[in-house]
Protein chains: 2
Amino acid sequence: MADQHELREKGLRLTPQRELVLQAVRDLGHATPEEVAEKVRATHPGINLSTVYRNLETLENVGLVLHTHLGHGGATYHAAEELTHLHLVCSICGDIGDAPIDTAANFVNTLSDDYGFKTDVTHFAIYGTCQKCSK
Amino acid sequence: MADQHELREKGLRLTPQRELVLQAVRDLGHATPEEVAEKVRATHPGINLSTVYRNLETLENVGLVLHTHLGHGGATYHAAEELTHLHLVCSICGDIGDAPIDTAANFVNTLSDDYGFKTDVTHFAIYGTCQKCSK
DNA sequence: TTCCTTCTGCAATCTCTTTGCAGGTATTAA
DNA sequence: TTAATACCTGCAAAGAGATTGCAGAAGGAA
């Protein structure tokens, strides 16, 4: 598993729990801490929820995962390398769609030019109604 | 107080608590339930937090206030008539800046045309770093 | 005024997340 | 390989934010 290098390089210990959490985030794409725990427990039942929380925080500190707020309140975690899209959150069905970051390029530039605001597109959630639900 | 008509028209009873909550939301511009409660209690100490929550929900149901998720998890309430701007949330200082809705017009159109996604600009929060903090 | 329904305050409860602690384990150095 | 020492984990308790049930209070129509 390639985690070996990544985790050690960041100065982290290589524990089974930590590898599993990172792997789960990568497999799931978008996931709440609870979902990560569920995924991890599918193969390794003993792992505690607080361990998941602590590892998500640790992995975020070293830049391997990131979190986004998608509106319901809870954080959603992503593998850092996969955050190459915007999140389109449907307020009706709760579905999370994707759109390329470029879609927002002009918007981001405008905010920067006019307000000096540097938009963090990776931490960016967009609310609305998806195609399916607007019918 | 103009609340009289508004609340009654919506089929709501006109209680001091309800008027105070609505007024507080209007005065504060952006406010969490806790902040609304604090504001209300400044003049009327006895009001319970659960009353604030229930009234915010009620007022939202009839369209007088709206809430937005600005990222920390908790909801932030606004008077419905004042939601004419985007929220620029600074991830460093937590400051909430404003920008006209038009700033996002092209972006919103693109999402609609390309993905059939109808963006709800009033429920829209943008994360990044404000001018002050990027220095 | 009277009655009915809605609203409020209070306290308990729930969910989500964090924290303290004691024991366990990955790593480094010998 | 062994020993020492941070660092991690599991468990349980605690915090924070929000919700709910209930009994009594108050708004509003007649």
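Computation of the quantities below employed the complete heavy-atom set of this structure, encompassing side-chain atoms and omitting hydrogens, waters and symmetry-equivalent molecules. We name chains A, B, ... by the order of the sequence lines, and we start the count at 1 in each one.
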* To do: Decide if the gap between the ring center of A:His69 and the ring center of B:His69 is smaller than 6.0 angstrom.
  => no
* Establish, with yes or no, whether the OP1 or OP2 oxygen of D:dG10 is under 4.0 angstrom from a side-chain nitrogen or oxygen of A:Gln17. => yes
* Mutual orientation of the aromatic rings belonging to B:Tyr77 and B:His67 [parallel < 30°, tilted 30-60°, perpendicular > 60°] -> tilted
* Electrostatic pair B:Arg41-B:Glu35, nearest N-O below 4.0 angstrom -> no
* To do: Please tell me if the side chains of B:Val21 and B:Leu59 come closer than 4.5 Å, counting only heavy atoms from C-beta onward.
  => yes
* Asked: Any side-chain heavy-atom pair from B:Asp114 and A:Thr103 closer than 4.5 angstrom?
  -> no
* Atom-to-atom span, CG of A:Asn55 to P of C:dA26 - whole angstrom -> 14 Å
* Structure fact -> Residue set satisfying salt bridge (Lys or Arg N to Asp or Glu O under 4.0 Å) with A:Glu57, at least two apart, ordered chain then number -> none
* Think B:Ser50 has a side-chain N or O under 4.0 angstrom from the OP1 or OP2 of C:dG9? -> no
* Asked: B:Ile47 side chain: which of D:dA18, C:dG9, C:dT17 is closest?
  -> C:dG9
* Please tell me which of the listed nucleotides, C:dC7, D:dA12, D:dT9, lies nearest to the side chain of B:Arg18? => C:dC7
N/O-N/O pairs, protein side and nucleotides 27-30 of chain C side, under 3.5 Å:
residue	atom	partner	partner atom	Å
C:dT27	OP1	A:Leu14	N	2.7
C:dT28	OP1	A:Arg8	NH2	3.3
C:dT28	OP2	A:Arg8	NH2	3.4

* **C:dC7 phosphate, OP1 or OP2, under 4.0 Å from B:Asn48 side-chain N/O** => no
* Structure fact -> Of the listed D:dG10, C:dT18, C:dT8, the closest approach to the A:Arg54 side chain comes from D:dG10
* Structure fact -> Between its two end axes (five pairs each) the helix from C:dT1-D:dA30 to C:dA30-D:dT1 turns, nearest 10 degrees, through 40°
* Would you say B:Tyr53 reaches D:dA18's phosphate, i.e. side-chain N/O to OP1/OP2 under 4.0 Å? -> yes
